[in-house]
J.: 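I am attaching a structure below and will ask some questions about it afterwards.
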Amino acid sequence: MSSSEKSRPSWFWPLAAVVVPIMGLLARVRITGAEKLPREGAYVVAPNHVSELDPLIVALAVWRLGRAPRFMAKESLFRVPVVGAALRATGMVPVARTSSRDSAAQTMAQSHALVADGRGVIVYPEGTLTRDPELWPMRGKSGAARLALAGDMPLIPVAHWGVQNIMARYARSISVWPPRKHVRVAFGDPVDLSDLKGRPTDPAAISEATERLMRAITALLEEIRDEKAPAVRWDPTSHGQSETGRL
């Protein structure tokens, strides 16, 4: 059953008319845990990140489950002519780039807007493609947890696997043969943040919420891959890697 936001005319329909058929040629997407995504109301979806193609796969999964897929986008993009208008028209959420009181205030405003409008948002907690050599989730950043805590929204972990066979990490091209490669997308139970409620600006609460989220994503990915993740999560800074650039 679709939500009311998907049943209303919006910019998502013409986008879906283009994206869905193309992705259908590239990937055979199997979704599990569909019931975990709320059919109405605000939420934060937090997926792992293994390929530049991930956003389209996650967006397709969310769209199939009856919700309009919205992402966090760089704040600077909202100031670009045409692009900014498109982002605003589809309800994308600007990323707060500053680590200051202004950033905290922006997060609170964003979360309240999502709750008021009953919209969801997709946030990559790793902030960039994983640096882990075996593509396991690496150390998480606080954005998804902060947003969920600020608005008391469900924080839903998502893991997917198989996208990297269509477009490898940092690849500049897509593998089209064989067509319709298998991709699994698993939605998990919302992360339990009940004991952290009311502490959206507490660094300890945000850190704990982020750690719980990353454990949940990793556990889902272990099930999909039928493998065990490393005991210690990959930390780019301890390996001399940038957290924003490429390897």
J.: Output the distance between atom CZ (Arg180) and atom CE (Met23), rounded to the nearest 0.5 Å.
T.: 11.0 Å
J.: Could you give the distance from CZ (Arg70) to CD1 (Ile122), rounded to the nearest 0.5 Å?
T.: 10.0 Å
J.: Is the shortest side-chain N to carboxylate O distance from Lys228 to Glu222 below 4.0 Å?
T.: yes
J.: Give a yes or no answer on whether the side chain of Arg139 reaches the backbone of Glu126 with a donor-acceptor pair at less than 3.5 Å.
T.: no
J.: State the OG1-CH2 distance between Thr218 and Trp136, to the nearest 0.5 angstrom.
T.: 7.5 Å
J.: Name each donor-acceptor pair under 3.5 Å that joins a side chain in residues 54-61 to protein atoms two or more places apart or in another chain, with its distance.
T.:
unit_1, atom_1, unit_2, atom_2, d
Asp54, OD1, Ser51, N, 3.3
Asp54, OD2, His49, ND1, 2.8
Asp54, OD2, Val50, N, 2.5
Asp54, OD2, Ser51, N, 3.0

J.: Please check if the side chain of Arg39 supplies one atom and the backbone of Leu37 the other of a donor-acceptor pair under 3.5 Å.
T.: yes
J.: Answer yes or no: is there a side-chain heavy-atom contact under 4.5 Å between Thr130 and Tyr124?
T.: no
J.: Does the distance from a Lys or Arg side-chain N to an Asp or Glu carboxylate O, for Lys36 and Asp189, drop under 4.0 Å?
T.: yes
J.: For Phe71, check ring pair (Phe, Tyr, Trp, His ring centres under 6.0 Å) against everything at least two apart and list the hits.
T.: none
J.: Side chains of Ser142 and Thr210, heavy atoms from C-beta outward: is any pair under 4.5 Å?
T.: yes
J.: Pair up each side-chain donor or acceptor in residues 148-167 with any protein partner under 3.5 Å, not counting sequence neighbours, and list the distances.
T.:
unit_1, atom_1, unit_2, atom_2, d
Asp152, OD2, Lys197, NZ, 3.4
His160, NE2, Asn48, O, 3.1
Gln164, OE1, Gly162, N, 3.0

J.: Is the number of heavy atoms from other residues, nucleotides or ligands under 6.0 Å of Asp226 CG greater than 12?
T.: no
J.: Between CH2 of Trp234 and CD of Glu134, what distance do you get to the nearest 0.5 Å?
T.: 9.5 Å
J.: Give, for atom CG of Asp202 and atom CZ of Arg146, the distance between the pair rounded to the nearest 0.5 Å.
T.: 13.0 Å
J.: Less than 4.0 Å between a side-chain N and a carboxylate O, is that true for Arg119 and Glu40?
T.: no
J.: I want to check something: taking the side chain as every heavy atom from C-beta on, are Arg225 and Arg184 in contact at a cut-off of under 4.5 Å?
T.: no
